[in-house]
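As structure tokens, the structure follows; a few thoughts come after it.
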Amino acid sequence: MEIVDDANRDMWVQTAMAIYPRDSMTDTRLAQVVSNRALTTCFLAQMNGEAVGASALSIRDGIATMYFTATRYAYRNQGVQTAMIQARLDYAQAQGCEIAFSTTEPGNNSMRNLMRAGFQVAYVRCEMKKDA
């Protein structure tokens, strides 16, 4: 696990975007904004010299927000997301954070990984839509 700097920022963006089924210009710009956002630290997970995961952490007022977490499909179920969670928690603690939070869809693998790392559900948010 390594912290992203100017030398590997493009690799982080490419890794984050390669994980999702779509790779639109809008999504790429979003990843670029995240990787350059003030108060945000990005993490790149590698296995055997290959970038396999990307994640981000934002710290403000002693609170760590963990987000933009993704693992390449071929490397899922091998502990990559768990390692990214732990690396960000360790980093946040070293920066003096006492609280960390993250959002996820209820019942998915990300939720289970966060709960294994000691997170608890704070609340559930519903998104509603209506076809026009």
Side-chain angles (χ1 to χ4, degrees):
M1 190 74 50
E2 63 182 283
I3 292 176
V4 172
D5 59 17
D6 288 340
N8 58 2
R9 191 170 316 281
D10 287 342
M11 182 185 295
W12 185 89
V13 170
Q14 291 170 6
T15 301
M17 297 322 309
I19 292 163
Y20 295 102
R22 63 185 191 283
D23 185 10
S24 72
M25 184 57 74
T26 301
D27 295 334
T28 301
R29 278 185 256 172
L30 175 61
Q32 289 169 335
V33 167
V34 167
S35 72
N36 286 292
R37 188 171 174 231
L39 307 177
T40 293
T41 304
C42 295
F43 294 79
L44 187 64
Q46 295 190 47
M47 292 178 78
N48 302 319
E50 182 178 355
V52 298
S55 60
L57 169 78
S58 182
I59 296 176
R60 184 172 179 179
D61 298 329
I63 299 172
T65 304
M66 297 173 22
Y67 66 106
F68 219 94
T69 307
T71 304
R72 287 184 187 266
Y73 291 110
Y75 292 91
R76 292 189 177 177
N77 300 312
Q78 297 181 38
V80 175
Q81 186 180 49
T82 299
M84 288 191 291
I85 291 168
Q86 192 59 54
R88 288 179 292 168
L89 288 174
D90 291 345
Y91 181 85
Q93 187 175 32
Q95 303 305 309
C97 294
E98 294 182 12
I99 297 172
F101 76 92
S102 185
T103 59
T104 184
E105 293 180 22
N108 70 8
N109 288 338
S110 294
M111 180 181 176
R112 285 187 285 281
N113 287 333
L114 287 163
M115 292 182 80
R116 280 188 214 114
F119 285 79
Q120 297 175 355
V121 175
Y123 63 91
V124 176
R125 183 179 94 183
C126 296
E127 292 184 28
M128 301 186 310
K129 78 172 197 170
K130 178 180 178 187
D131 292 333

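Positions are given from 1 along the sequence. Below, all heavy atoms of this structure are taken into account, side chains as well, without hydrogens, waters or symmetry copies. Because the structure is predicted, anything quoted here is derived from the model rather than measured.
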TODO: Only counting residues at least two apart or in another chain, list the ones meeting side-chain hydrogen bond (donor to acceptor under 3.5 Å, both in side chains) with Asp90.
DONE: Gln86

TODO: Go through the structure and list residues passing salt bridge (Lys or Arg N to Asp or Glu O under 4.0 Å) with Glu127, not counting sequence neighbours.
DONE: Arg125

- [ ] Could you pull out all residues at least two apart from Asp10 that satisfy side-chain hydrogen bond (donor to acceptor under 3.5 Å, both in side chains)?
- [x] none

Task: Met1 CE: over 12 foreign heavy atoms closer than 6.0 Å - done: yes

Open item on the list: Show, in sequence, the C-alpha distance, side-chain angles and deciding distance for Thr40 and Phe68, and conclude whether the side-chain contact (heavy atoms from CB on, under 4.5 Å) test is met.
Closed with: CA-CA 11 Å; Thr40 293; Phe68 219 94; over 6 Å; no

Task: Gap separating the CG atom of Asn8 from the CD atom of Glu2, nearest 0.5 angstrom - done: 4.5 Å

Open item on the list: According to salt bridge (Lys or Arg N to Asp or Glu O under 4.0 Å), who are the partners of Asp6, at least two apart in sequence or on a separate chain?
Closed with: Arg9

Open item on the list: As an exercise, state the distance from OG1 of Thr82 to CG of Leu114, rounded to the nearest 0.5 Å.
Closed with: 9.0 Å

Task: Residues clustering with Phe101 (ILVMFWY side chains joined when closer than 4.5 Å, directly or via others) - done: Ile63, Ile99

- [ ] Identify, with sequence neighbours excluded, every residue that meets side-chain contact (heavy atoms from CB on, under 4.5 Å) alongside Gln93.
- [x] none

Check: residues 49-61 side-chain donor-acceptor pairs under 3.5 Å, at least two apart:
unit_1, atom_1, unit_2, atom_2, d
Glu50, OE1, Tyr75, OH, 2.7
Ser58, OG, Leu39, O, 3.4

Open item on the list: Once side-chain hydrogen bond (donor to acceptor under 3.5 Å, both in side chains) is applied, do any residues pair with Ser35, and if so which ones, sequence neighbours excluded?
Closed with: none

Task: Results of side-chain hydrogen bond (donor to acceptor under 3.5 Å, both in side chains) for Asn77 - residues two or more places apart only - done: none

Task: Min side-chain heavy-atom separation Asn109-Arg76 under 4.5 Å - done: no

TODO: Specify the closest pair of heavy atoms between Leu44 and Gln46, including all atoms of both residues, with the distance to one decimal.
DONE: CD2-NE2, 3.8 Å

Task: Side-chain H-bond candidate by donor/acceptor type, Thr69 with Arg88, under 3.5 Å - done: yes

Open item on the list: Listing request: all ring-ring contact (aromatic ring centres under 6.0 Å, His included) pairs with a residue in residues 110-132, at least two apart in sequence or in separate chains.
Closed with: none

Task: Connected hydrophobic set around Met111, excluding itself, where side chains approach under 4.5 Å - done: Met115, Val121, Val124

Task: Point-to-point distance, once rounded to the nearest 0.5 Å, from CE of Met47 to CZ of Arg72 - done: 12.5 Å

Open item on the list: Among residues at least two apart in sequence or on other chains, which ones pass ring-ring contact (aromatic ring centres under 6.0 Å, His included) with Tyr91?
Closed with: Phe43

